[in-house]
Amino acid sequence: MQVTRWTDLDHDLQQLPAELPWRSDEQRRPAISGAIFQRLARNPLVSPDLIGINAGAALAAVLMITVFGTAIGWIPAGALVGSLLTATAIYLLAFRQGIAGYRLVLVGIGVTAIVGSITAYLLTLADIYTAKSASMWLAGSLAGRSWPHVTLIGITLLVLVPAAMAGSRQLRLLELGDDLARTLAGRVELSRGLLIAVGVGLAGLATAAAGPIGFVALVAPQLARRLVAERVAGLLAAGAIGALLVVASDLLARELFAPTALPVGVVTAFLGAPYLLILMARANRVGQGG
């Protein structure tokens with residue numbers, strides 16, 4: 001009996017170190033992605049989970065799970081393709097001599113509704129076990145992640161985060177408006193396209209890895225901006241706040257109704273939805289939003 005307890009303890013110790021790096025590394029990505037999109041659109045309501053990018057990644061992942069029965073290793077690739085295609089459609093529909101914040105939000109909400117309905121239809125086609133598994137994934141969960149997941153997340157962070165930081169100067173210019181950015185640097189659409197591609201990659205891979213954990217990309221950049229007392233949210237600061245939010249939300253999800261553990265996406269949605277309402281009310285009051 002003593003051997004069993006020590007074996008269980010050893011197993012727990014092997015699993016625990018992977019969990020915190022996984023949670024923090026995983027949710028730096030949507031937070032940085034949210035900061036990129038909010039600064040590009042100059043609108044605090046713009047984030048990958050609200051304008052349909054996460055929904056596109058989720059649709060592609062569910063399509064591969066329910067229809068093609070794809071091996072788990074290919075789901076991130078499918079989600080990335082889905083998020084890229086969705087982002088391209090949103091960009092083309094919202095572009096009118098530039099990108100306006102409210103137009104991007106409205107187009108994104110419409111695309112999210114369409115993509116969400118297709119995802120729901122795919123779930124009706126799947127057998128009950130596959131549909132249940134996909135539904136749990138759609139709620140957003142960090143359960144069952146281990147060191148191989150941390151390795152994958154770390155590799156993508158090493159590629160995409162430096163790319164985002166390298167584009168931060170162009171991001172600052174684009175915040176001034178297309179005309180001024182074109183005068184100062186030129187190639188406005190190329191710079192915007194590269195930054196969107198990085199943001200979509202961060203959001204799509206995060207969704208593929210843990211499901212669509214909502215509101216982190218929306219809330220983290222705004223909290224970072226207020227905490228560091230800057231006019232705009234720094235990308236690294238937003239990533240750090242996003243990681244902290246998810247770790248805290250996951251702790252609440254595990255302990256609030258213990259021994260039953262909630263998906264972390266349920267907690268982030270519960271905490272983030274009121275914040276979205278506050279942002280919308282503030283935008284209406286001051287007449288801003290893009």
Side-chain angles (χ1 to χ4, degrees), residues 8-9 11-35 47-50 53-55 57-58 61-62 65 72 75-76 79 83 132-157 160-161 202-224 226-227 233 235-276:
D8 293 342
L9 178 61
H11 177 268
D12 291 342
L13 290 174
Q14 291 178 15
Q15 293 299 317
L16 281 174
E19 292 185 355
L20 280 177
W22 162 260
R23 294 171 196 151
S24 57
D25 288 349
E26 163 62 21
Q27 292 308 313
R28 282 192 182 98
R29 295 192 293 181
I32 295 174
S33 176
S47 70
D49 45 350
L50 292 185
I53 293 172
N54 287 6
V62 170
I65 293 171
I72 193 72
I75 292 176
S83 61
K132 182 178 179 180
S133 175
S135 297
M136 289 294 294
W137 180 83
L138 285 171
S141 176
L142 303 180
R145 302 307 190 265
S146 57
W147 282 112
H149 297 94
V150 177
T151 302
L152 175 63
I153 297 302
I155 291 173
T156 58
L157 283 174
L160 292 176
V161 172
L202 290 166
L205 289 172
T207 302
I213 298 177
F215 293 100
V216 175
L218 173 73
V219 174
Q222 297 304 310
L223 290 180
R226 285 162 173 79
L227 287 174
L235 299 184
L236 291 180
I241 294 297
L244 180 61
L245 282 175
V246 173
V247 170
S249 297
D250 189 55
L251 180 62
L252 284 176
R254 289 170 179 263
E255 300 298 332
L256 203 58
F257 297 102
T260 301
L262 297 175
V264 67
V266 173
V267 177
T268 59
F270 181 80
L271 298 176
Y275 187 79
L276 173 61

Enquirer: Kindly give the heavy-atom pair with the smallest separation between Val216 and Pro221, and that separation in Å.
Expert: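 What the structure gives for the nearest pair is O-CD, 4.1 Å.
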Enquirer: Specify the closest pair of heavy atoms between Ala31 and Ala238, including all atoms of both residues, with the distance to one decimal.
Expert: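 In this case the closest contact between Ala31 and Ala238 is CB-O, 3.2 Å.
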Enquirer: With sequence neighbours excluded, what pairs up with Ser47 under the side-chain hydrogen bond (donor to acceptor under 3.5 Å, both in side chains) test?
Expert: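 For Ser47 the side-chain hydrogen bond (donor to acceptor under 3.5 Å, both in side chains) partners, ignoring immediate neighbours, are Asp49.
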Enquirer: If you define the side chain from C-beta out and look only at heavy atoms, does anything of Val161 sit under 4.5 Å from Leu236?
Expert: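 In contact.
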Enquirer: Report the distance from atom CG of Leu202 to atom CG of Leu160, rounding to the nearest 0.5 Å.
Expert: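 These two atoms lie 4.5 Å from each other.
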Enquirer: Between Arg254 and Asp250, is any pair of side-chain heavy atoms under 4.5 Å apart?
Expert: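 With C-beta onward as the side chain, the pair touches.
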Enquirer: Is there side-chain contact between Val219 and Leu271, with at least one heavy-atom pair below 4.5 Å?
Expert: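 A side-chain contact under 4.5 Å is absent here.
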Enquirer: Which heavy atom in Ala203 sits nearest to a heavy atom in Asn54, and how many Å separate them?
Expert: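 What the structure gives for the nearest pair is CB-OD1, 3.6 Å.
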Enquirer: Please report the shortest heavy-atom distance between Gly265 and Ile213, naming the atom on each side.
Expert: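 Heavy atoms of Gly265 and Ile213 come nearest at CA-CG2, 4.3 Å.
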Enquirer: To the nearest 0.5 Å, tell me how far Leu251 CG sits from Leu256 CG.
Expert: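 CG of Leu256 is found 10.0 Å from CG of Leu251.
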Enquirer: Could you walk me through whether Thr268 and Leu245 pass side-chain contact (heavy atoms from CB on, under 4.5 Å), step by step?
Expert: CA-CA 8 Å; Thr268 59; Leu245 282 175; over 6 Å; no
Enquirer: What is the minimum heavy-atom distance between Ala253 and Val264, and which atoms define it?
Expert: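 Looking at all heavy atoms of both residues, the shortest contact is CB-CA, 4.2 Å.
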Enquirer: Identify, with sequence neighbours excluded, every residue that meets side chain to side chain contact (heavy atoms under 4.5 Å, CB included) alongside Leu138.
Expert: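 In terms of side chain to side chain contact (heavy atoms under 4.5 Å, CB included), with neighbours along the sequence ignored, Leu138 is linked to Ala58, Val62, Thr119, Leu123, Pro212.
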